[in-house]
**Q** 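The structure under discussion is supplied below as structure tokens; questions concerning it will follow.
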Amino acid sequence: MGVEPENTLRSFVAAQQAGLDAIELDLHLSKDGALVVMHDPEVDRTTDGSGPIADKTLAELRALDAGLGERVPVFEEVLDAVHTPLQAEIKDVAAAKALAEVMRRRDLVGRVEVLSFHDEAIAEIARLVPGARTALVAERYGTEVVERAIAAGAGTLVLDIRRLTLEIVEHARAANLRIIGWVVNTLDHLRLVRALELDGATTDYPEIKRTGRFTA
């Protein structure tokens, strides 16, 4: 998030208060199997610590400062802190099973859409959580991304706005896939979202909602 420490409870509450349609967060597993919310596989960029998330216990991660005194949250804390729909992006394929368990236990099929760059993570969620909404994320892609999404069982494509073309949009539409553009932080990218008639867009800046309805 561009205005608060990313992937913190503080940022999610701010996004909810801004009235955005959904909140996107990123998931990894700690060394002891906790489903933690952080973007990078290492803690270096967003905390005062260093090293891989997978090498640290939840207690060790909790001891880090994630910005402005915020702690690294676990997924269920976010569920309890905000009521806005969530887009949970699986960064670590191993987190898919843990996320599926929480979704089944808390009946989150209607509230949480699962995203991932990893086809196998999307397929795992589709297998373990019947009816779950899933989206394949891609940064480097061509029209073949549509077939990838279908094979993984995804109903949505989340595509880097800088590479998106009308040909890809039309191919996805023919396959009945929704399309979300990311990251839409400029007016030029916002105009492209509208020109291509996308289903939504992801942004780092909640104030962009003044000109459209997006996720953060």
Side-chain angles (χ1 to χ4, degrees), residues 1-2 6-7 11-12 15 20-28 37-41 75 78 84-93 95-96 99-100 103 108-126 129 131-186 188-206 208-209 212-216:
M1 188 171 184
E6 67 178 68
N7 276 304
S11 71
F12 301 135
L20 297 203
D21 301 308
I23 296 170
E24 191 267 350
L25 52 80
D26 306 294
L27 297 175
H28 288 269
V37 181
M38 189 176 291
H39 181 278
D40 300 353
F75 179 56
V78 182
T84 303
L86 299 177
Q87 292 179 330
E89 182 175 342
I90 298 172
K91 293 291 189 180
D92 173 5
V93 175
L99 175 58
M103 290 184 69
L108 298 174
V109 169
R111 183 182 174 195
V112 175
E113 181 177 20
V114 181
L115 287 60
S116 187
F117 280 92
H118 305 289
D119 304 48
E120 59 269 39
I122 293 298
E124 182 80 342
I125 291 293
V129 189
R133 293 170 296 127
T134 56
L136 179 67
V137 188
E139 183 175 15
R140 302 180 185 279
Y141 60 89
T143 56
E144 80 289 339
V145 75
V146 171
E147 282 67 42
R148 281 181 55 201
I150 294 169
T156 299
L157 283 166
V158 181
L159 302 177
D160 187 337
I161 194 70
R162 295 169 299 178
R163 297 181 62 88
L164 195 53
T165 66
L166 180 59
E167 180 186 15
I168 292 168
V169 170
E170 289 177 340
H171 193 40
R173 294 290 187 220
N176 295 315
L177 295 175
R178 296 175 67 248
I179 311 169
I180 293 175
W182 69 276
V183 175
V184 178
N185 288 339
T186 70
D188 283 344
H189 287 158
L190 178 57
R191 293 186 188 101
L192 182 58
V193 167
R194 289 175 166 167
L196 293 174
E197 299 182 343
L198 302 188
D199 297 286
T202 299
T203 182
D204 293 321
Y205 298 99
I208 205 169
K209 184 178 182 293
R213 297 187 64 80
F214 303 108
T215 64

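Given the structure is predicted, the values throughout are model-derived calculations rather than measurements.
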**Q** Between N7 and D26, is there a donor-acceptor pair closer than 3.5 Å when you use the side chain of the first and the backbone of the second?
**A**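 Indeed, once roles are kept as given, a pair shorter than 3.5 Å links the two residues.
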**Q** Which pair of non-hydrogen atoms, one from A154 and one from T134, has the smallest distance, and what is that distance?
**A**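 So the two residues come closest at CA-OG1, 3.2 Å.
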**Q** Quick one: CE on M103 to CG on L108, what's the gap to the nearest 0.5 Å?
**A**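 One finds 6.0 Å between CE of M103 and CG of L108.
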**Q** Once rounded to the nearest 0.5 Å, what's the spacing between atom CD of E89 and atom CD of E113?
**A**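 Answer rounded to 0.5 Å: 11.0 Å.
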**Q** Do you know the tightest heavy-atom contact between L198 and I179?
**A**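 Reported closest heavy-atom pair: CB-O, 3.7 Å.
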**Q** Apply side-chain contact (heavy atoms from CB on, under 4.5 Å) to L27 and K91, showing your working.
**A** CA-CA 6 Å; L27 297 175; K91 293 291 189 180; over 6 Å; no
**Q** Tell me if a side-chain donor or acceptor on H28 pairs with a main-chain N or O of H39 at a distance below 3.5 Å.
**A**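 Checking the backbone N and O of H39 against the side chain of H28, a donor-acceptor pair under 3.5 Å is found.
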**Q** Report the distance from atom OG of S11 to atom CG of L25, rounding to the nearest 0.5 Å.
**A**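 Between S11 OG and L25 CG, I get 9.0 Å after rounding to 0.5 Å.
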**Q** Nearest 0.5 Å, what's the CD1-CG distance between I23 and L86?
**A**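 That separation rounds to 6.0 Å.
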**Q** Can you name the one residue among L164, V146, L157 that meets side-chain contact (heavy atoms from CB on, under 4.5 Å) with Y141?
**A**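 It is L164; the other options fail the test.
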**Q** Within the structure provided, determine whether I180 and Q87 are in side-chain contact (heavy-atom separation under 4.5 Å).
**A**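 Answer yes - side chains close enough.
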**Q** In Å and rounded to the nearest 0.5 Å, what is the CZ to CG distance from R173 to L166?
**A**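 So the CZ of R173 and the CG of L166 are separated by 10.5 Å.
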**Q** Go through it in stages, so that I can follow the logic: the residues are D204 and V183, the test is side-chain contact (heavy atoms from CB on, under 4.5 Å), and I'd like the CA-CA distance, side-chain angles, deciding distance and then a yes or no.
**A** CA-CA 7 Å; D204 293 321; V183 175; 3.6 Å; yes
**Q** Taking only Lys NZ, Arg NE, NH1 and NH2, and the carboxylate oxygens of Asp or Glu, determine whether D160 and R163 approach each other closer than 4.0 Å.
**A**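 No, this pair does not count.
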**Q** Using the side-chain contact (heavy atoms from CB on, under 4.5 Å) rule, take F117 and I122 through it: C-alpha gap first, then chi angles, then the decisive distance, then the call.
**A** CA-CA 8 Å; F117 280 92; I122 293 298; over 6 Å; no
**Q** Measure the spacing between CD1 of I161 and CG of L190 and express it to the nearest 0.5 Å.
**A**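 Reported to 0.5 Å precision, the distance equals 9.5 Å.
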**Q** For the residue pair V145 and A138, what are the closest heavy atoms and their distance?
**A**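 Minimum heavy-atom contact is CG2-CB, 3.8 Å.
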**Q** Is any side-chain heavy atom of L115 closer than 4.5 Å to one of W182?
**A**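 They are not in side-chain contact.
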**Q** For a 4.5 angstrom cut-off between non-hydrogen side-chain atoms, does V114 reach L99?
**A**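 Side-chain contact under 4.5 Å: yes.
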**Q** I'd like to check V37 versus F12 (side-chain heavy atoms, cut-off strictly below 4.5 Å). Are they in contact?
**A**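 The answer is yes; the side chains approach within 4.5 Å.
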**Q** Has D119 got a side-chain atom pairing as donor or acceptor with A152's backbone, closer than 3.5 angstrom?
**A**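 Not a single qualifying donor-acceptor pair exists.
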**Q** Do we see a donor-acceptor contact under 3.5 Å between the side chains of H171 and E144?
**A**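 No donor-acceptor contact under 3.5 Å links the two side chains.
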**Q** Does R162 CZ have over 12 foreign heavy atoms under 6.0 Å away?
**A**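 12 or below, so no.
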**Q** Starting from the C-alpha separation in whole Å, work towards a yes-or-no answer on side-chain contact (heavy atoms from CB on, under 4.5 Å) for L177 and T156.
**A** CA-CA 5 Å; L177 295 175; T156 299; over 6 Å; no
**Q** What heavy-atom pair brings G200 and V193 nearest, and what distance separates the two atoms?
**A**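 Between these two residues, the closest heavy atoms are O-CG1, 4.4 Å.
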**Q** Taking the side chain as C-beta and beyond, is there a heavy-atom pair between V109 and R133 under 4.5 Å?
**A**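 Heavy-atom side-chain distance check fails, nothing below 4.5 Å.
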**Q** Short question: side chain of S116, backbone of I90 - any donor-acceptor pair under 3.5 Å?
**A**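 Judged by distance alone, yes, a pair lies under 3.5 Å.
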**Q** A135 and V158: which non-hydrogen atoms are nearest, and at how many Å?
**A**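 Between these two residues, the closest heavy atoms are CB-CG2, 3.9 Å.
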